[in-house]
Amino acid sequence: MRLYNTLSHAKEDFAPAGPSAVKMYVCGITAYDLCHIGHARSAVVFDVLVRYLRYLGMPVTFVRNFTDVDDKIINRANREGVAPEALSAKYIEAFYEDMDRLGVLRADFEPRATEYIGEMVRLAEHLIAKGHAYATPGGDVYFRVRSFAGYGKLSGRDVEDMRSGARVAPGEEKEDPLDFALWKAAKPGEPTWESPWGPGRPGWHLECSAMSEKLLGLPVDIHGGGQDLIFPHHENEIAQSEAAADKGFARFWVHNGFVRINAEKMSKSLGNFVTIRDIYACFLPETLRFFLLSSHYRSPLDYSADALAEAEKGLRRIYFALAQIEETLAATKWSPSPLPKALAEEFASLRQGWRDSLDDDLNTAGALGQIFGLARLAGRVMDDKGLRKSEGGRELLTGVREALRECGGVLGVPAGEPAQFLDALRECRLNRQGVDKAKMESLLAERAAARAAKDFALSDTLRGDLEALGVEVKDTPAGQTWDVVA
RNA sequence: GGCGGCAUAGCCAAGUGGUAAGGCAGAGGUCUGCAAAACCUCCAUCCUCCGGUUCAAAUCCGGAUGCCGCCUCCA
């Protein structure tokens with residue numbers, strides 16, 4: 001497959017460097033609050049990347065870390081009067097709850113920064129020994145940015161241009177404003193670890209360098225994260241790791257775009273974020289997943305409740321098609337007519353299109369387009385009285401069902417059983433629209449009775465009443481069914 | 001100020017040189033006691049604007065305008 005590499009600003013053919021599994025490291029969350037949709041996007045994007053690489057037959061060793069020691073965690077813990085470890089543990093737990101429901105698979109390794117303090121200290125020592133870092137009298141350790149010639153290569157910055165932006169906070173003993181902390185001397189009220197420079201704690205960037213090397217070995221094949229990590233986080237990781245190891249840190253840098261709200265980046269600092277749980281209160285997790293995959297991962301994605309409602313409609317349609325396919329396939333008698341060649345070709349082309357889309361820099365939006373095409377193709381076959389019960393029709397419907405399942409395995413959409421999903425969706429919509437369930441039930445019962453008595457006038461009146469309630473009734477040979485007006 | 005990204009129908013969104021996928025909404029039709037669903041058909045001669053390269057550009061180059069992001073923590 002081809003993957004866009006931030007380092008080269010171009011799509012490149014991806015293959016692992018070595019004969020072993022693809023080595024993939026993605027920056028996870030700093031555990032100090034609930035995850036928002038932006039975190040969900042990043043998690044889903046890299047989840048799909050891992051799944052797709054495995055689908056292509058490449059084994060993947062996937063590492064996604066948790067930052068569990070950091071200014072934000074300490075500040076919040078102190079504010080709430082709890083231990084930092086307890087705070088981060090709580091939000092790691094929340095992360096799992098949210099992500100499990102989203103269908104994000106667990107990584108092979110999910111290291112926490114505090115479990116690798118020893119590796120970080122050793123890395124810092126090594127950098128000092130090589131002249132790439134220095135300890136200050138106060139017990140801090142800084143990376144000497146100007147000692148690393150490649151600094152700026154990921155983010156496209158020139159060290160000379162950065163001088164104006166860099167600054168030294170009061171009390172810092174940097175040689176150069178550009179230098180960044182590898183180790184921070186202990187301050188009162190902070191968790192600390194022993195080190196050659198006295199008690200302190202690691203700087204943020206160091207953990208990813210230490211854990212990548214320890215768990216995967218350098219260079220890793222793919223290093224990922226949100227676009228906001230490109231600078232300074234990933235730039236600094238490169239500097240640390242490459243200065244220490246004298247070899248490449250990561251071959252492919254993959255960054256997902258932001259989720260926006262009112263055309264602005266959704267972020268903690270702007271305070272304009274919507275948590276994953278906020279969404280779950282109104283929509284099914286799979287709807288969120290579908291929404292996140294409905295545009296290319298590097299493009300900005302505008303969040304709105306309307307956009308989510310539209311995603312819900314699309315997802316429902318796919319599940320509805322799947323439900324109808326299964327119902328049709330439950331038949332036992334099939335006429336011997338074969339599948340018309342044109343339809344067989346259309347099927348093959350859609351299926352190939354799905355694969356081609358994902359092959360091209362993980363174009364999930366394109367892939368979903370092919371999935372809709374498959375659903376429509378199946379619908380056409382089922383609507384054709386001759387084909388519907390023919391061997392050829394069965395062959396096609398079986399193929400579409402298989403393709404949709406395959407999609408579910410890679411994109412995580414559609415992941416469930418249609419009947420179950422449609423029921424869950426109905427329930428979800430009932431709650432969201434605040435439909436009076438008792439009233440609905442009684443109106444439905446009344447209408448069923450009216451229909452049994454062939455009192456169509458009353459039946460239609462009741463349909464109107466139900467519609468006013470937000471419920472749409474459909475009459476089928478098997479009786480009336482209902483759904484919530486979207 | 002430095003660096004980068006994006007501009008495709010009413011809305012969302014694919015498409016990086018060969019003549020505009022898909023979804024939502026909308027219109028007509030088949031079906032239906034009436035509806036709904038489903039299916040069929042239609043819905044951008046054109047891709048922000050202006051130049052240029054080419055037999056050929058939404059796709060490449062230059063410029064303009066608008067929006068966004070990074071440069072401080074941030075997925």
Side-chain angles (χ1 to χ4, degrees), chain A residues 6 9 11 26-30 32-33 35-46 67 70-72 75 152 155-158 160-167 169 204 224-233 235 255-260 263-270 273 290-291 294-296 298-302 304 306-307 309-315 317-318 320-321 324 350 353 357 360 363-384 451 454 456-457 459-460 463-464 467 472-477 480-483 485-486:
Chain A
T6 307
H9 303 282
K11 290 182 195 172
V26 173
C27 290
I29 58 157
T30 297
Y32 76 106
D33 202 353
C35 290
H36 59 62
I37 307 175
H39 299 111
R41 185 180 199 190
S42 184
V44 167
V45 163
F46 291 105
T67 297
D70 161 273
D71 289 347
K72 295 187 292 296
N75 291 341
S155 54
R157 276 154 227 268
D158 185 273
E160 297 309 322
D161 294 337
M162 290 169 54
R163 305 201 77 174
S164 56
R167 51 175 200 196
W204 175 37
Q227 270 168 3
D228 43 5
L229 297 183
I230 294 173
F231 190 90
H233 187 51
E235 196 69 62
H255 294 99
N256 65 276
F258 300 126
V259 174
R260 303 193 308 183
E264 235 182 8
K265 178 187 174 184
M266 180 181 291
S267 75
K268 308 290 295 197
S269 43
L270 289 172
F273 58 92
F290 181 92
F291 169 68
S294 65
S295 74
H296 186 85
R298 284 191 283 115
S299 306
L301 175 62
D302 280 289
S304 71
D306 284 348
E310 196 187 298
E312 185 181 71
K313 283 182 200 167
L315 181 59
R317 188 165 160 201
I318 291 170
F320 196 87
Q324 302 227 291
L350 286 164
S357 292
D360 183 15
N363 185 350
T364 54
L368 286 174
Q370 307 297 311
I371 288 297
F372 279 109
L374 284 168
R376 210 161 39 153
L377 177 61
R380 232 186 302 157
V381 167
M382 290 187 286
D383 206 53
D384 184 304
R451 289 186 60 72
K454 301 228 185 294
F456 292 124
S459 162
D460 286 351
R463 192 217 308 275
E467 238 170 65
E472 201 167 66
V473 191
K474 305 164 195 179
D475 294 311
T476 72
Q480 66 182 6
T481 65
W482 60 274
D483 206 339
V485 179

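Chain letters run A, B, ... following the sequence lines, proteins first, then strands; residues in each count from 1. What you see is a predicted model, and the numbers here were worked out from it, not measured in a lab.
- Nucleotides B/rU45 and B/rA64 have their P atoms positioned 29 Å apart, rounded to a whole Å.
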- Tell me, what's RNA chain B's dot-bracket, Watson-Crick or G-U with both distances under 3.5 Å, | for other-strand, [ ] crossing? ((((((((.[[[..)..(...]]].(((((.......))))).....[[[[[..)....]]]]])))))))....
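- When the nearest nucleotides of RNA chain B are assigned to A/R41 and A/G373 by heavy-atom distance, the more 5′-ward of the two goes with A/G373.
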- Sugar-phosphate or base contact per nucleotide [nucleotides 24-29 of chain B; S, B, -; heavy atom under 4.0 Å]: SS----
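- Residue A/R157 places none of its side-chain N or O atoms closer than 4.0 Å to OP1 or OP2 of B/rG2.
- With values rounded to the nearest 0.5 angstrom, A/R463 atom CZ is found 7.0 Å from A/E467 atom CD.
- Between A/F273 and A/H36, the ring planes are tilted. Angles from 30° to 60° get that label.
- A/H233 NE2 to A/C27 SG: the interatomic distance, rounded to the nearest 0.5 Å, is 3.5 Å.
- For A/D158 against B/rG2, a side-chain-to-base donor-acceptor contact under 3.5 Å is absent.
- Across B/rG23 and B/rC42, the matching P atoms stand 13 Å from one another, rounded to whole Å.
- OP1 and OP2 of B/rA37 both lie 4.0 Å or more from every side-chain N or O belonging to A/W482.
- Straight-line distance from the CZ atom of A/F320 to the P atom of B/rG23: 16 Å, rounded to whole Å.
- Going from atom NZ of A/K265 over to atom P of B/rC67 covers 20 Å, rounded to whole Å.
- For the side chain to side chain contact (heavy atoms under 4.5 Å, CB included) with A/F258, the qualifying choice from A/M266, A/E264, A/K265 is A/K265, the only one to do so.
- Classification of A/D383 and A/R380 as a salt-bridged pair fails, no side-chain N sitting under 4.0 Å from a carboxylate O.
- Nucleotides B/rG22 and B/rG15 are separated by 15 Å at their P atoms, to the nearest Å.
- A sub-4.0 Å separation between OP1 or OP2 of B/rG22 and a side-chain N or O of A/R376 is present.
- Closest approach to the A/W204 side chain among B/rC40, B/rG33, B/rC74 is made by B/rC74 (side chain taken as heavy atoms from C-beta onward).
- Distance check on atom C1': B/rC50 versus B/rG66 gives 15 Å, rounded to whole Å.
- Using atom P as the reference point in both B/rC43 and B/rU16, the two lie 24 Å apart (nearest Å).
- Nucleotide B/rA37 holds its P atom 16 Å from the CE atom of A/M382, rounded to whole Å.
- Considering only side-chain atoms of A/D383, the nucleotide from B/rA38, B/rC73, B/rA75 that sits closest is B/rA38.
- As rounded to whole Å, 15 Å separates atom P of B/rU32 from atom CZ of A/R463.
- Remark: A/K474 is not in phosphate contact with B/rU32, judged by side-chain N or O atoms under 4.0 Å from OP1 or OP2.
- Taken to the nearest 0.5 Å, the NE2 atom of A/H255 stands 9.5 Å off from the OG atom of A/S42.
- Look at A/K11 and A/D360 and you find a salt bridge, because one of the NZ, NE, NH1 or NH2 atoms lies within 4.0 Å of a carboxylate O, short of that distance.
- One donor-acceptor pair, N or O on each side, does fall under 3.5 Å between the base of B/rC34 and the side chain of A/D475.
- When the nucleotides B/rA75, B/rG69, B/rC71 are ranked by their closest atom to the side chain of A/H36, B/rA75 comes out on top.
- Side-chain contact between A/R41 and A/S295: present, with at least one pair of heavy atoms (C-beta onward) separated by less than 4.5 Å.
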- Message: Before you tell me yes or no, could you show the steps for A/L301 and A/F291 under side-chain contact (heavy atoms from CB on, under 4.5 Å), namely the whole-Å CA-CA distance, both residues' side-chain angles and the distance that decides it to 0.1 Å?
- Response: CA-CA 9 Å; A/L301 175 62; A/F291 169 68; 3.8 Å; yes
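- To the nearest 0.5 Å, atoms NZ (A/K72) and NZ (A/K268) are separated by 9.5 Å.
- Along RNA chain B, the nucleotide nearest A/H296 and the nucleotide nearest A/A457 are compared for position; the residue whose nucleotide lies closer to the 5' end is A/H296.
- Between A/K72 atom NZ and B/rU72 atom C1' the separation is 11 Å, expressed in whole Å.
- Residue A/F273 contributes atom CZ, which lies 13 Å from atom C1' of B/rA75 at whole-angstrom precision.
- How far CD of A/Q480 is from OG of A/S459: 7.5 Å, rounded to the nearest 0.5 Å.
- Closest to the side chain of A/R380, out of B/rA38, B/rU72, B/rC39, is B/rC39.
- A/N363 has its CG atom 8 Å from the C1' atom of B/rG15, to the nearest Å.
- As rounded to whole Å, 12 Å separates atom P of B/rA36 from atom CG of A/D460.
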